[in-house]
2 protein chains.
Amino acid sequence: MATQTAAEQREEARKAFDAYFSQCPSRKLLDRLSDKWVTLVLTALQAGPCRYSDLARRIAGVSQKMLTQTLRVLERDGLVSRTLTPSVPVRVDYELTPLGESLMPLVAAIKSWAEAHIEDVERAREHYDAVNA
Amino acid sequence: MATQTAAEQREEARKAFDAYFSQCPSRKLLDRLSDKWVTLVLTALQAGPCRYSDLARRIAGVSQKMLTQTLRVLERDGLVSRTLTPSVPVRVDYELTPLGESLMPLVAAIKSWAEAHIEDVERAREHYDAVNA
DNA sequence: CGGAATCCCCGAGGATACTG
DNA sequence: CAGTATCCTCGGGGATTCCG
């Protein structure tokens, strides 16, 4: 019994931590933003409404699956709205909601820090790699 | 020949996109921040220097492998400094660099948006799930 | 104490094919 | 046009073991 306890304790601690962790608002937001396609979609929509196929074209590397999945998540989170026009063929437009727009300054802030400090980071990396030959 | 061209073109487009994409400073930063453990480590270090084992204890759910890996990456990027004291047993302290500290306001901004708007997001989700029964 | 090395599993996500 | 469904691969990351 007791021999297993240590491992079990660690695992339970991890599970409890994960449970707590997944509730953290900052984490939820980071999980969204960090998704490879999310910021690209948001940025693409910043200029205004956009059709599905236009998004697919603008975001060159995306697969249909991931574009659709990303849009669904963003729609569910209330960051993007989906408007279906039942013409033939169907037409679907996506657009940032006010909530989605409120997120853009944060995206801009991230871009700003990145562009301001990326060279410092690059230099640090070169130095690190040089030292740890 | 020509029958393969379409698929090949897509793949090459994706590769070219990935290559371009991986160069984007904002993406690099997001890739760092989005790492599950990075923000936790940075936040833990915000209060001041901290030993390896202290970090391991503070960040309850982390495995040694991921803690070490995270610290290595942060050190390489110049966001965290590592100080080794060759006593017996060895003692290692980690600390935010000025560059690392300059990142904290951004982390705070993320936290701020998350806490301010997470309820809107939750409501949007509930509504979405209710509509799409 | 503070790691490095190895094994192994699981799930994110791309390719492909089909549909309203 | 705008998806949905299925299959399959590839690598992130936990558990475990060993080292200075």
Side-chain angles (χ1 to χ4, degrees), chain A residues 3-18 21-22 31-32 34-38 40-41 49-76 80 82-94 132, chain B residues 3-18 21-22 31-32 34-38 40-41 49-76 80 82-94 132:
Chain A
T3 54
Q4 285 291 343
T5 299
E8 287 178 25
Q9 274 188 351
R10 272 197 303 275
E11 185 176 3
E12 287 197 22
R14 195 183 58 76
K15 283 184 182 174
F17 181 79
D18 282 353
F21 193 55
S22 62
D31 281 346
R32 279 289 165 276
S34 67
D35 185 289
K36 180 171 180 180
W37 304 112
V38 163
L40 289 171
V41 169
C50 196
R51 301 182 59 170
Y52 181 89
S53 49
D54 290 334
L55 284 173
R57 225 169 301 114
R58 282 203 213 179
I59 309 174
V62 74
S63 64
Q64 300 120 325
K65 177 181 176 181
M66 290 319 295
L67 180 54
T68 298
Q69 192 176 111
T70 302
L71 287 167
R72 285 294 167 279
V73 168
L74 293 177
E75 187 194 356
R76 180 167 183 262
V80 159
R82 177 175 182 272
T83 309
L84 184 138
T85 307
S87 53
V88 178
V90 192
R91 174 195 177 109
V92 180
D93 287 86
Y94 290 93
N132 305 57
Chain B
T3 54
Q4 285 292 344
T5 299
E8 287 179 25
Q9 273 187 353
R10 272 197 303 276
E11 186 175 2
E12 286 198 23
R14 195 184 57 78
K15 283 185 181 173
F17 182 79
D18 281 354
F21 194 55
S22 62
D31 281 345
R32 279 288 164 275
S34 68
D35 186 289
K36 180 172 180 179
W37 305 111
V38 164
L40 289 171
V41 169
C50 195
R51 298 183 60 172
Y52 181 88
S53 48
D54 289 335
L55 284 173
R57 225 168 301 112
R58 284 203 212 180
I59 310 175
V62 73
S63 64
Q64 298 120 327
K65 177 181 175 181
M66 290 320 294
L67 180 54
T68 299
Q69 191 177 109
T70 303
L71 287 167
R72 285 293 166 280
V73 168
L74 293 178
E75 188 194 357
R76 180 167 183 262
V80 159
R82 177 177 184 270
T83 309
L84 183 138
T85 308
S87 54
V88 178
V90 192
R91 174 196 176 108
V92 180
D93 288 87
Y94 291 93
N132 306 56

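Lettering follows sequence order; numbering is per chain, from 1. We use all heavy atoms of the structure for the numbers below, so side chains are in, but hydrogens, waters and symmetry mates are not. Since this is a predicted model, take the numbers as computed values, not measurements.
- Considering only residues two or more places apart in sequence or on other chains, B:Arg91 meets the salt bridge (charged side-chain N to carboxylate O under 4.0 Å, His left out) condition with B:Asp93.
- At the phosphate of C:dG3, OP1 or OP2 sits under 4.0 Å from a side-chain N or O atom of B:Arg72.
- The two atoms that bring A:Leu67 and A:Val41 nearest to each other are CD1-CG2, 4.1 Å, heavy atoms only.
- Between the CG atom of B:Asp31 and the C1' atom of C:dA12 there is a distance of 15 Å, rounded to whole Å.
- One distance of note links OG1 of B:Thr70 with CZ of B:Arg32; it measures 9.5 Å at 0.5 Å rounding.
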Side-chain polar contacts of residues 57-65 of chain B - donor-acceptor pairs under 3.5 angstrom, sequence neighbours left out - could you list them?
residue : atom : partner : partner atom : Å
B:Arg57 : NH1  : B:Asp54 : OD1          : 3.1
B:Arg58 : NH1  : B:Ala44 : O            : 2.9
B:Ser63 : OG   : B:Met66 : N            : 3.3

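- A:Arg51 has no side-chain polar atom (N or O) that falls below the 4.0 Å cut-off from OP1 or OP2 of D:dC1.
- Rounded to whole Å, atom C1' of D:dG12 lies 15 Å from atom NZ of A:Lys36.
- Regarding contacts with the backbone of D:dA2, every side-chain N or O of A:Arg91 stays at 4.0 angstrom or more from both OP1 and OP2.
- Between A:Tyr94 and A:Tyr52, the two ring planes are tilted [angle within 30° to 60°].
- Side-chain proximity of A:Gln69 to the nucleotides C:dG3, C:dG13, D:dG3 is greatest for C:dG13.
- If you take CD of B:Glu75 and C1' of C:dG3, they are 13 Å apart, rounded to a whole angstrom.
- Of the residues in residues 53-65 of chain A, A:Ser63, A:Gln64, A:Lys65 come within less than 4.0 Å of DNA chain C through at least one heavy atom, sorted by number.
- Residue order along DNA chain D, read from the 5' end via each residue's closest nucleotide, puts A:Pro89 first among A:Thr68 and A:Pro89.
- Using a 4.5 Å heavy-atom cutoff, the side chains of A:Leu71 and A:Arg82 are not in contact.
- Atoms CG (B:Leu67) and C1' (D:dA15) sit 16 Å apart, rounded to a whole Å.
- A straight line from CE of B:Met66 to C1' of D:dT16 spans 16 Å, rounded to a whole angstrom.
- Proximity of A:Tyr52 to the phosphate of D:dT4: no side-chain N or O atom is located under 4.0 Å from OP1 or OP2.
- Distance CG/B:Leu55 to CH2/B:Trp37: 12.5 Å, rounded to 0.5 Å.
- Here D:dG12 presents its C1' atom at 10 Å from CG of B:Asp35, a figure rounded to the nearest Å.
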